[in-house]
> 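My questions will all concern the structure given below.
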Protein chains: 2
Amino acid sequence: MEVSVSQENYLKAILKLERAEGIASNQAIAQNLESTPAAVTGMLRKLCDEGLVEYEAYQGAKLTQVGEQHALSTVRKHRLWEVFLVDKLSYRWDAVHDLAEELEHIGDEIFVDRLAAFLGHPLFDPHGDPIPDALGNIRERKDVVFSSEALAGMKFSVCGVSDSSDEFLRHLNRLGIELGSIYHAVERFDFDGSMEWTNDDGERVLVSSGVAEKILIQIHE
Amino acid sequence: MEVSVSQENYLKAILKLERAEGIASNQAIAQNLESTPAAVTGMLRKLCDEGLVEYEAYQGAKLTQVGEQHALSTVRKHRLWEVFLVDKLSYRWDAVHDLAEELEHIGDEIFVDRLAAFLGHPLFDPHGDPIPDALGNIRERKDVVFSSEALAGMKFSVCGVSDSSDEFLRHLNRLGIELGSIYHAVERFDFDGSMEWTNDDGERVLVSSGVAEKILIQIHE
DNA sequence: CTAAATTTTTAGTTTATCTAAAATATTTTT
DNA sequence: AAAAATATTTTAGATAAACTAAAAATTTAG
Ligand SMILES: [Mn+2]
Ligand SMILES: [Mn+2]
Ligand SMILES: [Mn+2]
Ligand SMILES: [Mn+2]
């Protein structure tokens, strides 16, 4: 019952799609993994044979109990390694994804658990994504909305992003926006939906609607 | 110029053999990697094409400058990860090899260098093997001999092992012998070459000649 | 019910590595 | 220097894990 690197990446993609849309369609999986529907069909059959996904032809895929645990364990590893890279090796949040994508496939549960203990059992990764615990439980955050929903006058803190691509994160770096940053929404410009924010140091930042829609915030008071 | 996991394992084996015997014979490489001479011939040709080893048919293999650097970098990663596992994740020295064998193939020079910095640029791994620095320099230890050479009355500290197999290390665990342990040689029994040692707490240990021949020590005064 | 979209099947292809047995070269022994 | 023993290479093919393009089948939407 060895699960290959490729298979683990499939499981992660299916987990993500299942959480987002209820079921993982062939096409969506292909898109996620930059592959083709034909390749996905082949892999789904294999994963089904191995008891990791439920799959009937033309009906899309769902993870089995075992498959979901495996996927969650891989996500857990991925996010813990991202924490390690940022907290211990001083990587920036836009430089950790590819490395974590490799590290997530190494070692067993004992290894992950020791890593988690060493890091102090962190609850979130450097992008604000929740880290499943050893049993696969994910604490979904409450009271979290996209910053595009903030109204003028509100005070909020940045607690996540819905796009962890290096390009987007580097754009945020340029704007000075990072996890934990606290801002006030000053104004929304109806013309293009962009917003002006200020922080406690009085620094202003102009956030386009496209960017605001990808930043998760928690509203204060 | 991507070097595969398998290729990196070949380079490491060749490095080891070259240091030990001057040249890496086909057969010795096969033995090291639990493969066959025919498979080795094929891989040596590929590595030669890629400029990583010098190889002429029937003449055995030597690493090129580039190949040696790559091999040293892999060894460096392996040993640094072993230090990480023991120092940070509380693994025992007999449980780190297989994991390091996988981790050593991940990431680039920047990653290794940051890991080394995080660990405080350790000079030796948990088995007493020297860790190459970022440039590939290995500080070979001086005044190190096998414990079988210790004469009655001598005081010494354990600084390495020539066999890092889990079985041997677990045997040392049972005897209570670990890196840094300090002993006095009490007596050698001519009958079978076994030795009796004591530590400062007055605890005695009987070491067979086979074991003594695999333990590296530094003699005090 | 059609037409469009999605998925599966078919029939290979690719890549990387390994194997057994035969042929060849090298080394050792006589 | 032969012969014998040992080591290495060649040959020819196996294996495994994935992926692809195009055709066929199925599902879904209008
Ligand atoms: Mn991955
Ligand atoms: Mn992340
Ligand atoms: Mn390895
Ligand atoms: Mn070691």
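To find a chain, count down the sequence lines: A is the first, B the second, and so on, and within it residues start at 1. Excluded from the calculations below are hydrogen atoms, water molecules and symmetry mates; all remaining heavy atoms, backbone and side chain alike, are included.
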> In whole Å, what is the span from the CZ atom of B/Arg45 to the P atom of C/dT17?
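Nearest whole value for this atom pair: 15 Å.
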
> In whole Å, what is the span from the CE atom of A/Met43 to the C1' atom of D/dT20?
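Nearest whole value for this atom pair: 15 Å.
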
> Distance check needed: C/dA16 P versus B/Lys46 NZ, whole Å only.
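Rounded to whole Å, this separation is 6 Å.
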
> Applying a 4.0 Å non-hydrogen cut-off, can you work out what B/Ser6 is touching in the nucleic acid: base, sugar-phosphate, or nothing?
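Sugar-phosphate, backbone atoms only, no base.
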
> In whole angstrom, give the distance that lies between atom CD of B/Glu50 and atom P of C/dA16.
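In whole Å, C/dA16 P and B/Glu50 CD are 9 Å from each other.
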
> Once you round it to whole Å, what is the distance between P of C/dT17 and CD of B/Glu34?
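That distance rounds to 17 Å.
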
> Name the residue closer to the 5' end of DNA chain D, choosing between A/Gln7 and A/Gln59 according to the nucleotide with the nearest heavy atom.
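Checking each residue's closest nucleotide, the 5'-ward one belongs to A/Gln7.
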
> Where is the tightest heavy-atom contact between A/Leu169 and A/Trp93, given as atom of each residue plus distance?
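That closest heavy-atom pairing would be CD1-O, 3.3 Å.
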
> Should B/Glu109 and B/Arg76 count as an ion pair when the cut-off is N to O under 4.0 Å?
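Looking at B/Glu109 and B/Arg76, the cut-off is not met.
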
> Roughly how many Å is it from OH in B/Tyr10 to P in C/dA16, rounded to a whole number?
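Atom OH in B/Tyr10 sits about 14 Å away from atom P in C/dA16.
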
> Output yes when at least one side-chain N/O atom of B/Thr36 is less than 4.0 Å from OP1 or OP2 of C/dC18, else no.
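Negative; the distance criterion is not met.
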
> Just to be sure I understand the rule, does A/Ala57 reach a base, reach only the sugar-phosphate, or reach nothing, if contact means heavy atoms closer than 4.0 Å?
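Answer is sugar-phosphate: A/Ala57 comes under 4.0 Å of backbone atoms only.
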
> Give a yes/no on whether any side-chain N or O of B/Ser4 is located under 4.0 angstrom from OP1 or OP2 of C/dT17.
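Yes.
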
> Can you give me the closest heavy-atom contact between B/Phe146 and B/Glu213, atom names plus distance?
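Closest approach of B/Phe146 to B/Glu213, heavy atoms only: CD2-O, 3.0 Å.
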
> Tell me the interatomic distance from B/Ile23, atom CD1, to C/dT27, atom P, rounded to whole angstroms.
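That distance rounds to 11 Å.
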
> Distance to the ring centre below 6.0 angstrom and angle to the axis at most 45 degrees; does that hold for A/Lys88 and A/Phe118?
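So A/Lys88 does make the cation-pi contact.
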
> Does B/Tyr58 contact C/dT24 through a side-chain donor or acceptor facing the base, at a distance under 3.5 Å?
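When only heavy-atom distances are counted, B/Tyr58 does reach the base of C/dT24 through a donor-acceptor pair under 3.5 Å.
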
